[in-house]
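Inspection log for the structure reproduced underneath, given as structure tokens.
Heavy-atom basis, side chains included; hydrogens, waters and symmetry copies ignored.
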Amino acid sequence: MSSVGVNVPELDSIELGLFVQALHKRHGYDFSGYAPASLKRRVRLLADQLQCKTITGLTERMLHEPQLLSSVLEGLTVPTSDMFRDPAAFRALREQVFPLLASYPQINIWQAGCAHGQEVYSLAILLEEAGLYDRTQIFATDLSDRALQRASDGIYPGKDAQQWSRNYQAAGGTHSLADYCSAGYKLIKFHQRLRRHVTFAVHNLAIDGVFREAHLILCRNVLIYFSDALQDRALALFRDSLVRGGFLCLGLRENLNQAPHAQDFLPFDAALRIFRLAGRADGTYA
């Protein structure tokens, strides 16, 4: 049958829809709520990386080569992060949020979409310096088990160390970043003690339910890849996971303005995308 009359963008959309459907039916991962333009770009890049001429070719390999699933998920979930990314946000957590969390005998933090774990170690360092880490549990989740393994290993390219050190100081760090890691063979490895209160686990914001009760949730630079409906689902999930008056920290490119569940949160530091769960009908949390 000829494809005359079907333009290339339309054909790409058809192939993308079939890929998403096949991934869901074959492996149970639902990407139908992800922003189409971003998803198409990542799927095409993944197809190129796996030397598939078309998205259909990628779909065929994904269906018949189950060992590719980890590569597919890592390619689709954009596992990128940085130590103390947006240092001002981490300084605000340290100076404005941590003192309020200090009133709790046990602090639960959920890092949703933790990617390769740099922000997990950033949190652990600042919590230790604030004297709160020994009564804090960090739950770091991601869709990709490969990303979680890298996060658990805590090993990163040494070329990033100088920038990370600058970020750490800008975030209000009181020591040297070198106090928390060792260097060798052009790599840096964060000390084991920073993982003593971290639990890494697979969690899918698109289909899974409440992970556990949390006092602070960080989900930074994840929602920008979601459709409006999936963004709102994630916000409802965060609402149901937070204690009353709990905190939500998003990425600087993200906001709550258009989401129906935005009314469940109040700005705490709007410029740095830190919000607080409202606890009463009048929208207050006091």
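- The pair Glu254-Arg220 does not count as a salt bridge, with every side-chain nitrogen at least 4.0 angstrom from each carboxylate oxygen.
- Residues Thr54 and Leu58 fail the side-chain proximity criterion, which asks for heavy atoms closer than 4.5 Å.
- Side-chain contact between Leu223 and Leu250 is present, with heavy atoms from C-beta onward closer than 4.5 Å.
- Considering only heavy atoms from C-beta on, Tyr156 stays 4.5 Å or farther from Asp82 through its side chain.
- If you take SG on Cys219 and CZ on Arg273, they are separated by 14.5 Å, rounding to the nearest 0.5 Å.
- Judged as a ring-ring contact (aromatic ring centres under 6.0 Å, His included), the pairs with a partner in residues 133-154 (not counting sequence neighbours) are, in order, Tyr133-His197, Phe139-Phe211.
- Sorted by first and then second residue, the ring-ring contact (aromatic ring centres under 6.0 Å, His included) pairs involving residues 20-40 (not counting sequence neighbours) are Phe31-Tyr34, Tyr34-Phe226.
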Side-chain donor-acceptor pairs under 3.5 Å in residues 44-51, sequence neighbours left out?
unit_1 : atom_1 : unit_2 : atom_2 : d
Arg44  : NH1    : Asp12  : OD1    : 3.2
Arg44  : NH1    : Asp12  : OD2    : 3.2

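- The ring-ring contact (aromatic ring centres under 6.0 Å, His included) test applied to Phe238 returns Trp110, not counting sequence neighbours.
- Put simply, the side chain of Arg233 gets close to the backbone of Ile207: a donor and an acceptor are under 3.5 Å apart.
- Residues Arg276 and Leu248 have side chains not in contact (no heavy-atom distance under 4.5 Å, counting atoms from C-beta outward).
- If you chain together ILVMFWY residues whose side-chain heavy atoms come under 4.5 Å of each other, Ile155 ends up grouped with Leu187.
- Checked for salt-bridge contact, Arg85 and Glu119 miss the test: no charged N lies under 4.0 Å from a carboxylate O.
- Leu237 has its side chain within reach of Leu205: a pair of non-hydrogen atoms, C-beta onward, lies under 4.5 Å apart.
- At least one donor-acceptor pair under 3.5 Å links the side chain of Asp142 to the backbone N or O of Ser144.
- With sequence neighbours excluded, the residues that form a side chain to side chain donor-acceptor pair (under 3.5 Å) with Asp264 are Arg239.
- Residue pairs meeting the side-chain hydrogen bond (donor to acceptor under 3.5 Å, both in side chains) criterion with at least one partner in residues 199-208, sequence neighbours excluded, are Gln137-Thr199.
- Put simply, the side chain of Phe247 does not reach to within 4.5 Å of the side chain of Ile217, judged on heavy atoms.
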Can you check side-chain hydrogen bond (donor to acceptor under 3.5 Å, both in side chains) on Asp232 and His261, steps first, answer last? CA-CA 6 Å; Asp232 197 52; His261 283 101; 2.9 Å; yes
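- Between Cys114 and Gln111 the shortest heavy-atom distance is CB-CG, 3.6 Å.
- When side chains are defined from C-beta on, Gln106 counts as touching Asn108, because their heavy atoms get closer than 4.5 Å.
- Residue pairs that meet the salt bridge (Lys or Arg N to Asp or Glu O under 4.0 Å) test with at least one member in residues 188-207, sequence neighbours left out, are Glu128-Arg193, Glu128-Arg196, Asp134-Arg196.
- Atom CG in Asn255 sits 12.5 Å away from atom CD1 in Ile224 (nearest 0.5 Å).
- In this structure Ser71 satisfies the side chain to side chain donor-acceptor pair (under 3.5 Å) test together with Arg146, sequence neighbours excluded.
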Run the side-chain hydrogen bond (donor to acceptor under 3.5 Å, both in side chains) check on Gln231 and Tyr225 step by step: do they pass? CA-CA 9 Å; Gln231 285 183 24; Tyr225 300 109; over 6 Å; no
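- Screening Asn167, Leu272, Leu126 for a side-chain contact (heavy atoms from CB on, under 4.5 Å) with Phe90, the sole residue that qualifies is Leu126.
- Not one N or O on the side chain of Ser152 forms a donor-acceptor pair closer than 3.5 Å with the backbone of Leu148.
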Begin with the C-alpha distance, continue with both residues' side-chain angles, and end with the deciding distance and a verdict on side-chain hydrogen bond (donor to acceptor under 3.5 Å, both in side chains) for Asp30 and Ser32. CA-CA 6 Å; Asp30 186 2; Ser32 61; 2.6 Å; yes
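- Two rings, from Phe84 and Tyr168, have their centers less than 6.0 Å apart.
- Glu65 meets the salt bridge (Lys or Arg N to Asp or Glu O under 4.0 Å) test with Arg61; sequence neighbours excluded.
- In this pair, Phe200 and Tyr121 present their aromatic rings tilted. The plane angle is within the 30 to 60° band.
- Separation of atoms CG (Leu266) and CG (Leu277) is listed at 8.5 Å; rounding is to 0.5 Å.
- Residues Phe19 and Glu60 fail the side-chain proximity criterion, which asks for heavy atoms closer than 4.5 Å.
- Every residue meeting the side chain to side chain donor-acceptor pair (under 3.5 Å) condition with Ser70, not counting sequence neighbours, appears here in chain and number order: Asp145.
- Residues satisfying the side chain to side chain donor-acceptor pair (under 3.5 Å) criterion with Arg166, sequence neighbours excluded, are Gln163.
- Looking only at distances, a side-chain donor or acceptor of Arg135 sits under 3.5 Å from a matching main-chain atom of Ala102.
- Heavy atoms only, all atoms of each residue included: Ile274 and Ala92 are closest at CD1-CB, 3.8 Å.
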